[in-house]
Amino acid sequence: MYVGDQLTLDATTSSDLGVTYTSSNTSAVTVSGNTLTAVGEGNATITASQAGNSNYNAAANVTHTITINKATPTVTAWPTIAAVTYGATLEQALVLVGGTASVEGTFAITDSYNAADVPNAGTHTYNVTFTPSETNKYNVVSGGTATLTVNKANQTITWDFADCTLLPGQTLELNATATCGAVTYVVNGTAISVSGTILTAIEEGTATIKATCAGDTNYNDVESIEYTITVEKNDDVT
């Protein structure tokens, strides 16, 4: 039998007197009246007895041994893991949410991991088991999985710059930096040009400039606001 099973006992006597049942191991089997209930893993001897009365002697006891095995709970829903943004550690990220089973117990991730590690953006699957609270009655259920989704993080550009006015030939050194990599400058207009980090005023007019940084496996693309540069005519002095 398995934990949770019940059985109706049906011993009879030639005298038609009632039979009494006892269990040698009530942590495995209990008996109430003629109902036997499997309550825990183990073996129990069930004794049927009849003490007799004024007309009948006691009957010889009859015994049977029953083996009770752990039952396997039903997991009705495996837990999930809420999505996180890149930068969270596994200790912060690997929090199981939900999960239900037919008996009380706990869900846990069984894979080994370093809690301080920061997982890359993408999806990561972990093995999950269910451990019943009453381990003497129920088996552990394995085979579940939960997927962690790590979203790319937004990055920022830091740039000490402002709209300005230059004369042809003047230069500025650009100093924008980004969270995850090299910065590229995008110019719209012919009044200026950029080579590396050096901006040069070319001719009279206006142009805009912005700093951009392409993302990578863990960060989204980012760009700064556009700044306007005015190049004024350089009047000759004689």
> Heavy-atom count around Glu203 CD within 6.0 Å, excluding the residue itself: above 12?
Replying inline: yes
Donor-acceptor list for residues 36-45 side chains, cut-off 3.5 Å, not counting sequence neighbours:
residue, atom, partner, partner atom, Å
Thr37, OG1, Gln6, NE2, 3.0
Asn43, OD1, Thr67, OG1, 2.8

> Passes salt bridge (charged side-chain N to carboxylate O under 4.0 Å, His left out), Glu204 versus Lys233? Steps please.
Replying inline: CA-CA 5 Å; Glu204 184 179 11; Lys233 183 177 181 180; 5.7 Å; no
>> Please find the pair of heavy atoms, one from Val141 and one from Trp78, that lie closest to each other, and give the distance.
In response: O-CH2, 3.7 Å
>> What I'd like to find out is whether the side chain of Leu96 reaches to under 4.5 Å of the side chain of Ile81, using heavy atoms alone.
In response: yes
> Please, which pairs that meet side-chain hydrogen bond (donor to acceptor under 3.5 Å, both in side chains) have at least one residue in residues 94-104, sequence neighbours excluded?
Replying inline: Thr76-Thr100
> So do the side chains of Val29 and Tyr21 get within less than 4.5 Å of each other, counting heavy atoms only?
Replying inline: no
>> Any heavy-atom pair between the side chains of Asp5 and Leu7 that's under 4.5 Å?
In response: no
> Do other residues, nucleotides or ligands put more than 12 heavy atoms under 6.0 Å from Asn114 CG?
Replying inline: yes
> Side chains of Thr212 and Asp221: closer than 4.5 Å at any heavy-atom pair?
Replying inline: no
> Looking at side-chain heavy atoms only, is the closest gap between Leu199 and Tyr185 below 4.5 Å?
Replying inline: no
>> Looking at every heavy atom in both Phe130 and Val103, which two are closest together, and how far apart are they?
In response: CZ-O, 3.4 Å
> Is the closest side-chain heavy-atom distance between Ser23 and Ile46 below 4.5 Å?
Replying inline: yes
> Of all heavy-atom pairs between Leu148 and Pro119, which one has the smallest distance, and what is that distance?
Replying inline: CD2-CG, 4.3 Å
> What closest approach, in Å, do Thr129 and Ser142 show between heavy atoms, and which atom pair accounts for it?
Replying inline: CG2-CB, 3.7 Å
>> Under a 3.5 Å distance rule, please check whether Asn127 uses its side chain to pair with a backbone N or O of Asp111 as donor and acceptor.
In response: no
For residues 168-182, which side-chain donor-acceptor pairs fall under 3.5 Å, sequence neighbours excluded?
residue, atom, partner, partner atom, Å
Gln170, OE1, Leu167, N, 2.6
Thr179, OG1, Thr156, N, 2.9
Thr179, OG1, Thr156, O, 3.3
Thr179, OG1, Thr156, OG1, 3.4

> Are Thr47 and Ser49 close enough that a side-chain donor and a side-chain acceptor fall under 3.5 Å?
Replying inline: no
> Less than 4.5 Å apart, any side-chain heavy atom of Thr13 and any of Val19?
Replying inline: yes
>> Side-chain heavy atoms nearer than 4.5 Å, only ILVMFWY residues, links allowed to pass through others: does that put Val140 and Ile68 together?
In response: no
> How are the rings of Tyr86 and Tyr219 set to each other: parallel, tilted or perpendicular (split at 30° and 60°)?
Replying inline: perpendicular
> Any side-chain heavy atom of Leu90 within less than 4.5 Å of one from Tyr126?
Replying inline: yes
